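Here the structure is a predicted model, which means the values were calculated and not measured. As the structure lists them, so they are numbered: ligands from 1, and atoms in each ligand from 1. Counting begins at 1 with the first residue of the sequence.
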Amino acid sequence: MAEIGTDIQKAASLLRRGKLVAIPTETVYGLAGNAFNEEAVLSIFETKNRPQFDPLIVHSSGIQWVKQHVNEIPVLAGILMDEFWPGPMTLVLPKKEIVPDLVTSGLDSVAVRVPSHPMTQELLLMLDFPLAAPSANPFGYVSPTTAQHVNDQLGDKIDYILDGGSTTVGLESTIIGFEEGKPIVYRLGGLSIDVIEESIGPVEIALNQSSDPKAPGMLKSHYAPGKPLYFGNPGELISDFDGKRIGFLGFMTRLEFLPNDRQLILSPHGDLHEAAVNLFAFMREFEKFPVDIILAEQLPEIGLGRAINDRLRRAAVNS
Ligand code: TXA
Ligand code: MG
């Protein structure tokens, strides 16, 4: 198993030597390596078992750094950076030559992000290179929101996990690209669409699901927990599961006819932020529960509810 600790110096020195370190961000934990070191980047793909056609996000400490990696900043991108960085937002922008093709899977754009987690900010400030970091989970699986989640799945493949506690957003960053200067959301995430639209006006949403998407990580089969998950209206779905032991992942209220110990409620008070924080940890918990299938209730399609529903839909076998 990996060592779990809070030694930022140690994380920095491993990264300088081309090693991988799992790092906390406000969204989910990342599996980080020097973005300019091809061997480190290759080992990110290997460790996650991730296909090399799925490009990585490049993390830096601030906008000044990001400017060294991108060729052009559309006006609206500049507004978003000023308003929402550091934070749970990734921008896809035309890349500069110095960003290795391996990081961007040969695309001429690069995904860039300035994370707000204080430990990772401190780490990035110590380094003279940016960090390529996908979520620290095996490809296709639910993203980790604690150091222990990372250790459970990748602990035997990495040396060090920088422990920054449970993540405070709980969903991956929202990914926004620009086509002819117009913003297009490729992945719903921790920064909700209404907040973005308040800042820059209406945005198009193009969530890719094909085999050649703009954001390949948004393939349908993503976020799968270890048991079949069904997504929708529990009242309508329940009759399909005669004889199966059902686990229920609900928004605010339990199902009366199921045992309590097979249910997890994302936010009894109906707080979508709390629901987002709990989502991935709860999906993992069902693996230990004595249930055959997970029934996940659809949340209201507002604010972070949209991103939560997106993740559940992609995790589901019935949608
Ligand atoms: O919150 C997050 O974004 C976390 C933390 C660790 O920062 N990272 C994360 O990375 O979720 P990952 O690799 O699991 O997802 C990154 C997504 C993938 O869907 C990838 O296809 C997309 O970003 N992506 C990366 N570069 C891209 C590009 N140039 N154009 C379009 N999509 C890109
Ligand atoms: Mg991921």
Side-chain angles (χ1 to χ4, degrees), residues 20-33 35 41 44-45 47-60 69-71 84-96 99-117 120-121 123-124 130-145 149-150 153-154 162 164 167-179 184-191 206-224 276 280 307 310-311 314-315:
L20 305 187
V21 173
I23 57 166
T25 84
E26 68 280 22
T27 58
V28 299
Y29 275 71
L31 178 63
V41 176
I44 292 176
F45 285 102
T47 304
K48 266 186 73 94
N49 204 7
R50 172 170 171 137
Q52 282 180 27
F53 63 72
D54 193 356
L56 307 176
I57 298 175
V58 174
H59 299 70
S60 332
H69 309 144
V70 305
N71 257 334
F84 300 116
W85 274 348
M89 175 185 76
T90 294
L91 299 179
V92 174
L93 298 170
K95 87 173 189 80
K96 277 198 174 139
V99 181
D101 285 338
L102 193 56
V103 172
T104 63
S105 304
L107 296 174
D108 51 19
S109 59
V110 60
V112 286
R113 169 159 126 77
V114 176
S116 70
H117 194 290
T120 289
Q121 265 289 331
L123 173 66
L124 285 165
L131 294 175
S135 52
N137 51 278
F139 184 67
Y141 196 79
V142 182
S143 297
T145 55
H149 291 164
V150 180
Q153 289 187 305
L154 298 180
L162 192 59
T167 64
T168 55
V169 173
L171 296 172
E172 301 85 351
S173 60
T174 302
I175 302 181
I176 309 169
F178 297 85
E179 290 173 23
I184 303 191
V185 172
Y186 297 137
R187 176 172 77 180
L188 299 174
L191 184 67
L207 309 178
N208 297 285
Q209 300 224 6
S210 75
S211 59
D212 183 26
K214 285 270 169 25
M218 296 316 291
L219 296 173
K220 167 67 187 71
S221 61
H222 258 63
Y223 308 101
F280 290 151
D310 170 85
R311 298 302 186 273
R314 287 172 200 279

Nearest 0.5 Å please: distance from the [atom1] atom of [X] over to the [atom2] atom of [Y].
X	Y	atom1	atom2	value
Tyr141	Asn49	OH	CG	15.0 Å
Ile23	Leu123	CD1	CG	6.5 Å
Met89	Leu191	CE	CG	7.0 Å

Option with minimal heavy-atom separation from atom 7 (O) of ligand 1, where the choices are Lys95, Arg187, His59: His59
query: When you measure from atom 14 (O) of ligand 1 to each heavy atom in Gly177, Ala111, Ser135, which option holds the nearest one?
result: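 It is Ser135 that holds the nearest heavy atom.
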- prompt: Would you say the side-chain atoms of Thr104 pair up with the backbone N or O of Val110, donor to acceptor, closer than 3.5 Å?
  reply: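 The answer is no, because no donor-acceptor pair under 3.5 Å joins these two groups.
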field: Asn137 backbone acceptor or donor facing Ser135 side chain under 3.5 Å
entry: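 No: the side chain of Ser135 does not pair with the backbone of Asn137.
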- request: Would you tell me whether Ser143 and Glu172 have side-chain atoms, one donor and one acceptor, within less than 3.5 Å of each other?
  value: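 Yes, because at least one side-chain N or O of Ser143 sits under 3.5 Å from a partner of the opposite role on Glu172.
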What atoms of ligand 1 come within less than 4.0 Å of a heavy atom belonging to [X]?
X	answer
Ile175	17 (C), 22 (C), 23 (O)
Arg113	1 (O), 2 (C), 3 (O), 5 (C), 7 (O)
Ser173	1 (O), 2 (C), 3 (O)
Val92	28 (C), 29 (N), 30 (N), 31 (C)
Pro134	10 (O), 12 (P), 13 (O)
Asp54	18 (C), 20 (C), 21 (O)
Val28	4 (C), 6 (C)
Gly30	6 (C)

field: Within-shell test, Ile57 vs ligand 1, heavy atom, strictly < 4.0 Å
entry: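 Yes, that is the case, since the closest heavy atom of the residue is under 4.0 Å from the ligand.
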- prompt: So do the side chains of Leu102 and Gln52 get within less than 4.5 Å of each other, counting heavy atoms only?
  reply: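 Yes, close enough: below the 4.5 Å cut-off.
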Non-hydrogen side-chain atoms of Val112 and Trp85 separated by less than 4.5 Å: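 Touching, per the 4.5 Å side-chain cut-off.
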Partners passing salt bridge (charged side-chain N to carboxylate O under 4.0 Å, His left out) against Lys48 (at least two apart in sequence or in another chain):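 Salt bridge (charged side-chain N to carboxylate O under 4.0 Å, His left out) list for Lys48, sorted by chain: empty.
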task: Kindly confirm whether the Mg ion (ligand 2) is within less than 2.8 Å of some N/O/S atom in Asn137?
output: no
Does an N or O from [X], backbone or side chain, lie closer than 3.5 Å to an N or O of ligand 1?
X	result
Ser109	yes
Lys48	no
Glu172	no

- request: Check Arg50 against ligand 1 and report side chain, backbone, both or neither, counting heavy atoms closer than 4.0 Å.
  value: side chain
- prompt: What residues form a side-chain contact (heavy atoms from CB on, under 4.5 Å) with Thr90, not counting sequence neighbours?
  reply: Ile57, Ala111, Arg113, Ser173, Ile175
